[in-house]
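What you see below is based on every heavy atom in this structure, not just the backbone, and it leaves out hydrogens, waters and symmetry mates. All values derive from a computational prediction rather than experimental measurement.
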Amino acid sequence: MLPTVILPGYLESADVYLPLQQSLTALGTPTTTVPLRKRDWLPTLGGRSMVPILRQLDRTVNAALADNHATQINLIGHSAGGWISRIYIGEIPYIIHGDVDETAKLWDAKSKVATLITLGTPHISGERWTKKNLDFVNDNYPGAMYPDVQYICVAGKSIYGAKKIGQWLAYSSYQQTCGEGNTWGDGITAIAAAHLDGAKNIIIEGVKHSPRSPGLWYGSPEILSQWVGYLV
């Protein structure tokens with residue numbers, strides 16, 4: 001199997017993905033997590049540039065390729081890591097924030113990525129602080145844009161959004177991402193936001209959004225079998 005790189009979700013650190021990394025490695029795909037710390041996300045707050053994350057992603061991908069004498073990887077993006085991965089794959093220079101120019105070369109990596117798996121990624125959002133970045137992604141790379149990349153989009157179905165105790169957070173989060181609060185999702189990302197046109201779209205019952213969530217999440221050993229088969 002090809003090596004695999006995991007890109008953490010927004011404000012997450014690499015350490016919480018260690019169990020998933022170890023599980024995937026044991027299954028035969030040498031796996032590395034982009035070595036992010038929570039403070040590495042601070043420059044991106046308020047809808048600012050994702051260039052600091054792209055730099056670390058690119059370094060990790062190139063190291064995985066070299067270490068495993070490979071020409072391609074599998075890329076797993078959890079939560080925001082999924083749409084940041086779409087920036088990385090895409091060929092259009094990500095210079096919308098003015099912090100880098102076209103020589104940065106932190107994009108156009110589609111030839112390095114055989115499979116992109118997104119876990120609970122909000123591919124659409126009405127949140128004002130993510131609008132600029134997500135508009136760039138979806139305007140330039142709608143759906144499963146590149147036929148040479150296998151897109152797998154995994155959504156969890158564990159919490160129905162409602163204006164009730166225990167369901168308020170889900171309701172609010174779903175409403176901000178897909179515009180509808182009364183719907184199913186993983187507690188943070190609605191199913192409707194987690195899927196892409198043209199991708200292999202999967203719904204997994206009982207899965208919650210975060211590796212820190214109580215119960216099952218996308219990377220739990222009991223859940224892996226429902227999507228790991230798409231790694232190549």
Side-chain angles (χ1 to χ4, degrees), residues 1-10 12 14 16-34 36 53-54 57-58 60-61 64-65 68 70-90 109-124 137-138 141-157 185-186 188-205 207-211 213 216-232:
M1 292 176 70
L2 295 177
T4 294
V5 171
I6 301 169
L7 181 58
Y10 198 61
E12 277 293 5
V16 297
Y17 298 87
L18 183 58
L20 173 57
Q21 176 181 312
Q22 292 172 333
S23 294
L24 293 174
T25 298
L27 290 170
T29 172
T31 304
T32 308
T33 304
V34 179
L36 295 171
I53 309 304
L54 290 169
L57 172 59
D58 190 52
T60 306
V61 168
L65 292 171
N68 295 280
T71 57
Q72 287 189 304
I73 62 152
N74 300 299
L75 182 54
I76 297 173
H78 172 235
S79 196
W83 59 258
I84 296 170
S85 295
R86 291 167 65 201
I87 295 175
Y88 182 62
I89 291 171
K110 59 184 177 297
S111 64
K112 301 177 183 178
V113 179
T115 299
L116 172 62
I117 297 182
T118 66
L119 306 176
T121 292
H123 289 293
I124 57 173
V137 175
N138 291 316
Y141 315 120
M145 175 77 175
Y146 296 110
D148 292 338
V149 177
Q150 177 185 214
Y151 290 77
I152 310 297
C153 298
V154 187
K157 183 180 180 182
D186 63 13
I188 296 295
T189 302
I191 292 171
H195 286 166
L196 286 174
D197 288 343
K200 173 65 177 179
N201 293 313
I202 299 170
I203 300 172
I204 303 180
E205 297 279 348
V207 168
K208 294 183 179 177
H209 184 76
S210 170
S213 301
L216 300 175
W217 86 288
Y218 297 97
S220 296
E222 303 92 326
I223 301 301
L224 271 183
S225 63
Q226 298 188 55
W227 60 265
V228 74
Y230 292 100
L231 297 174
V232 296

Inter-residue atom distance Leu7.CG - Leu54.CG, 0.5 Å rounding: 8.5 Å
Nearest non-hydrogen partners of Pro8 and Leu36, listed with the distance: CD-CD1, 3.9 Å
Acceptor/donor pairs from residues 224-232 side chains to any protein atom, 3.5 angstrom cut, sequence neighbours excluded:
| from | atom 1 | to | atom 2 | distance (Å) |
| --- | --- | --- | --- | --- |
| Trp227 | NE1 | Tyr218 | O | 2.9 |

Test log, rule side chain to side chain contact (heavy atoms under 4.5 Å, CB included), inputs Thr31 and Ile76: CA-CA 10 Å; Thr31 304; Ile76 297 173; 6.0 Å; no
Which distance, rounded to the nearest 0.5 Å, do you find between the CD1 of Ile84 and the CD1 of Ile89? 12.5 Å
Taking the side chain as every heavy atom from C-beta outward, state whether Val61 and Tyr88 have any atom pair closer than 4.5 Å. yes
Locate the shortest heavy-atom distance separating Ala114 from Gln72; write the atom from each residue and the value. CB-OE1, 3.7 Å
Is Leu24 close to Ile6 at the side-chain level, that is, under 4.5 Å between some pair of heavy atoms? yes
Do the side chains of Thr33 and Leu18 get nearer than 4.5 Å, heavy atoms only? no
Do Leu2 and Ile73 touch side chain to side chain, with heavy atoms closer than 4.5 Å? no
Tightest non-hydrogen contact, residues Met1 and Gly28, listed as CB-O, 3.6 Å
Going from CD1 on Ile53 to CD1 on Ile87, what distance comes out if it is rounded to the nearest 0.5 angstrom? 11.0 Å
Could you give the side-chain donor-acceptor pairs of residues 188-202 under 3.5 Å, partners two or more places apart or in another chain?
| from | atom 1 | to | atom 2 | distance (Å) |
| --- | --- | --- | --- | --- |
| Thr189 | OG1 | Gly120 | O | 2.9 |
| His195 | NE2 | Ile202 | O | 3.0 |
| Asn201 | OD1 | Leu196 | N | 3.2 |
| Asn201 | ND2 | Leu196 | O | 2.9 |

Distance (rounded to the nearest 0.5 Å) between Thr71 OG1 and Lys112 NZ: 11.5 Å
What are the two closest heavy atoms between Pro3 and Thr29, and how far apart are they? C-OG1, 3.7 Å
Quick one: are Arg86 and His123 in side-chain contact, heavy atoms under 4.5 Å? yes
So which atom in Ile117 and which in Leu119 form the shortest heavy-atom distance, rounded to 0.1 Å? CG2-CD2, 3.8 Å
So, taking the atom named OG in Ser23 and the one named CD1 in Ile223, what distance separates them when rounded to the nearest 0.5 Å? 12.0 Å
For Tyr10 and Ala80, work out which heavy atoms get closest and say how close. CB-CB, 3.9 Å
Any Trp217 side-chain heavy atom under 4.5 Å of His78 side chain: yes
Can you tell me how far OG1 of Thr115 sits from CD of Gln150, rounded to the nearest 0.5 angstrom? 4.0 Å
